[in-house]
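Read the structure below first, then the notes.
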Amino acid sequence: MEVVTWALPKSGDCSIYLAGDFHYGALTCSRSSIKQMISGIQKNDLLILMGDLIEAITPDDRRWQTTSVAWQDKLYTPQEQAEAIVRDLKSVKGRIPVVLAGNHCWKLMNTVCFPQIIATALDSEYGGAACVVHFKFQGKTAFRFHLMHGGWTPFSQAKDVVQADANIRAALKQKLQDQMGDCIAHFTGHGHRLIVQPPTAHRQLYINTSEAGKITQHYKVTPQQNASYIHFDSRWYGMTGSFLKLYSPPGSKAIGYAEMVGLRPNEIGCLKATIKGGQLANVSKVVY
């Protein structure tokens, strides 16, 4: 696991976009949505890249055989895909704390580590498959993010949509909460779902007593975000979505892997962490 340090803007106010699973080189990559996201990133904002930025498949892969390669943009090879990523992200160069590796690139790492090449070209740190980022404000660590590409998708068989949503968010929390103890937030990619699970500690009631025999009730409060241990009910959890569409363009006569195996539709987008005064204030979905 890598550890990265990054300084927040002097104001302590910014947004941190968490985006990944672009799959450049796939015919179903929503490149227009990625460009829309990039255009919305403001001067002080940051962007974290969560892995699987490129499709990185070779001709012996079954997804190549279904002509799911982005022949329209001529992004046939992993090299061409990586170069396109760097071109499209040039406006945010120097504001990307870390680039993670995904499972697609992992298959080629004995030959070329494309996430590291992308990170170097964008003046970013290469974070491997998982890392912790220490965000600094006024010279001190303000909070930490635990980031991983992951290899798992939460699901629920509950028939009621409310129960299914709760089960999925609870499963995400349980999967991530033991990965790191000093982080205010855990984020994972890979699952192509946009999920946010806020802290729940403030909803939990506790009671105490005084020597005078008075019984009082309180709600748990959010701890210091730079604490050496943060209770898992006080943290944020998220899955950072995808920019890979379910269906190939009508008229292309191409077959995407997702539609071949009957995967469910997913929101196209990413997560946005809002930082106020050097503290994590909120995490929200951004859908394009």
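All values reported here derive from a predicted model rather than from experimental measurement. We use all heavy atoms of the structure for the numbers below, so side chains are in, but hydrogens, waters and symmetry mates are not.
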* Asked: Does the side chain of Met1 reach to within under 4.5 Å of the side chain of Met180, using non-hydrogen atoms?
  -> yes

* Side-chain (Asp13) to main-chain (Gly277) donor-acceptor, under 3.5 angstrom -> yes

* Heavy-atom side-chain proximity of Pro78 to Leu108 below 4.5 angstrom -> yes

List the atom pairs, donor and acceptor, that lie under 3.5 Å between side-chain atoms in residues 187-199 and the rest of the protein, sequence neighbours left out.
{"from": "Thr188", "atom 1": "OG1", "to": "Met148", "atom 2": "O", "distance (Å)": "3.4"}
{"from": "Thr188", "atom 1": "OG1", "to": "His149", "atom 2": "O", "distance (Å)": "3.2"}
{"from": "His190", "atom 1": "ND1", "to": "Asn103", "atom 2": "OD1", "distance (Å)": "3.0"}
{"from": "His190", "atom 1": "ND1", "to": "His149", "atom 2": "NE2", "distance (Å)": "3.4"}
{"from": "His192", "atom 1": "ND1", "to": "Ser242", "atom 2": "OG", "distance (Å)": "3.4"}
{"from": "His192", "atom 1": "NE2", "to": "Asp21", "atom 2": "OD1", "distance (Å)": "3.2"}
{"from": "His192", "atom 1": "NE2", "to": "His23", "atom 2": "NE2", "distance (Å)": "3.2"}
{"from": "Arg193", "atom 1": "NH1", "to": "Pro154", "atom 2": "O", "distance (Å)": "2.5"}
{"from": "Gln197", "atom 1": "OE1", "to": "Arg169", "atom 2": "NH1", "distance (Å)": "2.6"}

* Asked: Between Cys270 and Tyr288, is any pair of side-chain heavy atoms under 4.5 Å apart?
  -> yes

* Leu18-Phe135 co-clustered via ILVMFWY side chain contacts under 4.5 Å -> yes

* Connected via hydrophobic side-chain network under 4.5 Å: Ile96 and Met50 -> no

* Structure fact -> Taken in chain and number order and not counting sequence neighbours, the residues that satisfy salt bridge (charged side-chain N to carboxylate O under 4.0 Å, His left out) with Arg31 are Asp73, Asp88

* Structure fact -> Rounded to the nearest 0.5 Å, the CZ atom of Arg235 sits from the CD1 atom of Ile184 at a distance of 8.5 Å

* So do the side chains of Asp233 and Lys173 get within less than 4.5 Å of each other, counting heavy atoms only? -> yes

* To do: For Gln174 and Leu172, indicate whether the former's side chain and the latter's backbone hold a donor-acceptor pair under 3.5 Å.
  => no

* Donor-acceptor pair, His104 side chain versus Asp52 backbone, under 3.5 Å? -> no

* To do: Evaluate the side-chain proximity of Gln42 to Cys14: yes if any heavy-atom separation is below 4.5 Å, no if none is.
  => no

* Using the side chain to side chain contact (heavy atoms under 4.5 Å, CB included) rule, take Phe22 and Met37 through it: C-alpha gap first, then chi angles, then the decisive distance, then the call. => CA-CA 12 Å; Phe22 293 174; Met37 177 195 70; 4.0 Å; yes

* Joint cluster assignment, Leu147 & Val132, ILVMFWY side-chain distance < 4.5 Å -> no

* Under 3.5 Å donor-acceptor, Gln217 side chain and Leu205 backbone -> no

* Measure the spacing between OG of Ser11 and CZ of Phe137 and express it to the nearest 0.5 Å. => 7.0 Å

* Arg95 pairs by side-chain contact (heavy atoms from CB on, under 4.5 Å) with which of Leu46, Asp123, Leu89, Leu47? -> Leu46

* Asked: Does Gln179 reach the main-chain N or O of Leu176 with its side chain, forming a donor-acceptor pair under 3.5 Å?
  -> no

* Indicate the ring-plane relationship of Phe145 and Phe143, choosing parallel, tilted or perpendicular according to the 30° and 60° boundaries. => tilted

* State, with a plain yes or no, whether a side-chain heavy atom of Glu2 is found less than 4.5 Å away from one of Glu125. => no

* Does any non-hydrogen side-chain atom of Asn208 lie less than 4.5 Å from one of Thr216? -> yes

* According to a 4.5 Å side-chain heavy-atom criterion applied to Ile, Leu, Val, Met, Phe, Trp and Tyr, with indirect links allowed, do Leu100 and Leu122 form part of one hydrophobic cluster? -> no

* Would you say Asn110 has more than 12 foreign heavy atoms packed within less than 6.0 Å of its CG? -> no

* Heavy-atom neighbours of Trp6 CH2 exceed 12 at 6.0 Å -> yes

* Asked: Should Leu271 and Met239 be counted in the same cluster of Ile, Leu, Val, Met, Phe, Trp and Tyr side chains packed under 4.5 Å apart?
  -> no

* To do: May I ask you to test the Gln81-Phe114 pair for a side-chain heavy-atom distance under 4.5 Å?
  => no

* Taking only residues two or more places apart in sequence or in another chain, which ones pass ring-ring contact (aromatic ring centres under 6.0 Å, His included) with Tyr237? -> His186

* Going by atom types only, do Gln163 and Ser156 share a side-chain donor-acceptor pair under 3.5 Å? -> no

* To do: Report the distance from atom OG of Ser15 to atom NZ of Lys276, rounding to the nearest 0.5 Å.
  => 7.5 Å

